[in-house]
Amino acid sequence: MRILVFLAGWLVKAALILLAIVVLNFCLVRLAPGDVATVLAGESGAADPEFLARTRAEFGLDRPLPAQLATYVGNVLSLDLGVSYRTRRPVADMVLERLPATLLLTGAAFLFALVVGPALGVLAAVRARRPADSIVTVAALVFYAMPIFWVGLLFILFFSVTLGWLPPFGMRSLIPPSGDLARAIDVARHLVLPALTLGLFYVAIYARLTRGAMLETAGLDYVKTARAKGLPEWRVVTAHILRNAMLPIITFAGLQAGHLVGGAIVAETVFAWPGIGRLAFDALLQRDYNLLLAVFLASAVAVVLFNFVTDLLLRIADPRIGSGGR
C-alpha cells in the first residue's frame, strides 16, 4: 500500500514538474534574440521584410507569445512535439534517432564513474593521510577543475594524434567493418575517449564523496563496537562503513545520472558524437525552436525518471526513509 501511495504521489509531482519545465523552456528559448526566419533569410540572402514576414507567418511566429505558448503546451499534452523548422521532419523522430547514441555514451561514462570513483574513494579512505590518499585526492581535484572540452582535446591529441591508438571523432568508421562483432568493436573504440572524458569529471566527484562519507562513518560508535568484537577489518569496511556511506553516493549518483543525458553536449561536440547533445547544439545555432525544446523535454524526462529510481534505491538501502524514520 505504501509503495502505491509513493507511486501516485510521484506521478502527480512528475507531471507538474514537467509541465512547469515545458512552460519555462518555451519562454526562455523565445526570449533569446533572433529566430529561424532571420537565420533562413541570412542563409538565402533574402533578408527583405516580406520574406521575414512570410516565414514567420508560416511557422506561426507572428502570433502573440501567449498564443504560441498555449498552442505548444496543448500539442505537448497530446504528445505532438511539432516538426523541425529546417528539415520539416517530426522532432520526436529526430530525437529518438539520436537518443540511443547519447544513452550509450552517458551510460558508459556513468558506469565507469560509478565503478572507478567509489573504488578510488574507498582506497583513499582506507589509506587516509598516506601517499595513496594524497594521489587520489590530487588527481580528483585536477579532473574536477579541468573543463570537459579541454580534457577531450588533450585525449585526442595524446591517444589519437600522437599514439594513434583510438579514433578521435564520430561513432563509427567511414567504412564500417563487416560482421556484427567487428562493428561492435568499432563502436566501442570510438566510445572510449568520449566516455572517459565525460566520466572522469564524475569519477573525481564520487571519489571525494566516498572518501568523506567513509571517514565520517568510520568514527561512529557502531563501527568502534564492530572492531571491538574482533571482526576482520575488511568486513568492518565493507559491511559497516561502506554500506552506510553509500547512501549519499546513491543520492548524488541518481541526480547526476539524469543530468548526464542533457550535459553530454560538450563531449558530443568535441568528439562529433551523433547524440542529442550535438543535436541541441545545432538546433540552437539554427534557431530551430521545436527541435531544441524537444531535446530539453527529453532531458527533463530523463532527470525525473532517474530521480524516481534514486528514491526507490534509497528506500531499498534504508527502509527508514520510506517509513518516516521509524
Side-chain angles (χ1 to χ4, degrees), residues 100-128 130 132-146 148 151-152 154-155 159 165-166 184-185 187-218 233-264 266-268 271 273 275 302-303 305-314 316-318:
T102 294
L103 292 178
L104 177 62
L105 171 59
T106 55
F110 182 67
L111 183 61
F112 167 71
L114 203 56
V115 171
V116 176
L120 291 177
V122 171
L123 175 63
V126 172
R127 302 292 181 180
R130 298 181 186 177
D133 180 24
S134 300
I135 293 173
V136 171
T137 301
V138 171
L141 288 175
V142 169
F143 284 109
Y144 180 78
M146 292 180 68
I148 291 178
V151 175
L154 290 179
F155 281 175
F159 291 106
W165 289 355
L166 296 167
I185 293 175
V187 173
R189 293 184 69 249
H190 284 80
L191 177 64
V192 171
L193 290 185
L196 284 178
T197 300
L198 188 59
L200 280 174
F201 175 79
Y202 296 98
V203 166
I205 295 177
Y206 297 150
R208 295 283 296 173
L209 187 62
T210 305
R211 178 186 182 276
M214 287 192 63
L215 291 179
E216 181 180 358
T217 306
E233 184 63 20
W234 66 269
R235 183 169 178 79
V236 173
V237 171
T238 57
H240 293 79
I241 299 178
L242 184 59
R243 180 178 179 181
N244 289 277
M246 286 300 292
L247 291 178
I249 300 170
I250 293 174
T251 303
F252 193 81
L255 295 175
Q256 292 298 321
H259 290 291
L260 269 172
V261 176
V266 176
E268 290 185 1
F271 293 96
W273 189 264
V303 172
L305 288 178
F306 277 112
N307 284 342
F308 171 68
V309 173
T310 302
D311 286 342
L312 286 181
L313 291 177
L314 287 174
I316 293 173
D318 189 351

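Nothing fancy with the numbering, it's 1 onward along the sequence.
- For Leu120 against Ala207, the heavy-atom pair with the smallest separation is CB-CB, 4.2 Å.
- Considering only heavy atoms from C-beta on, His190 stays 4.5 Å or farther from Leu166 through its side chain.
- Closest approach of Arg208 to Ala140, counting heavy atoms only: CG-CB, 3.9 Å.
- With a 4.5 Å cut-off on side-chain heavy atoms, Phe201 and Tyr144 count as touching.
- If you take CG on Leu154 and CE on Met146, they are separated by 5.0 Å, rounding to the nearest 0.5 Å.
- Residues Val136 and Arg211 are not in side-chain contact: their nearest non-hydrogen atoms beyond the backbone lie 4.5 Å or more apart.
- Atom CZ of residue Arg130 and atom CD1 of residue Ile135 lie 13.5 Å apart, to the nearest 0.5 angstrom.
- Minimum heavy-atom separation, Ala113 to Tyr206: O-CD1, 3.4 Å.
- The two residues Leu105 and Ala195 make their nearest non-hydrogen contact at CD1-N, 3.6 Å.
- Inter-residue side-chain proximity for Phe143 and Val203 is flagged as unmet; no heavy-atom pair is nearer than 4.5 Å.
- At least one donor-acceptor pair under 3.5 Å links the side chain of Trp273 to the backbone N or O of Ala101.
- Considering only heavy atoms from C-beta on, Val187 comes within 4.5 Å of Leu104 through its side chain.
- Phe155 is not listed as a side-chain neighbour of Val192, based on a closest heavy-atom distance of 4.5 Å or more.
- Partners of Phe112 under the ring pair (Phe, Tyr, Trp, His ring centres under 6.0 Å) rule, at least two apart in sequence or in another chain, do not exist in this structure.
- The two residues Arg127 and Asp133 make their nearest non-hydrogen contact at O-CB, 3.0 Å.
- Atom CD1 of Ile205 sits about 11.0 Å away from atom OG1 of Thr210, to the nearest 0.5 Å.
- Ala128 and Leu215 get closest at one heavy-atom pair: CB-CD2, 4.0 Å.
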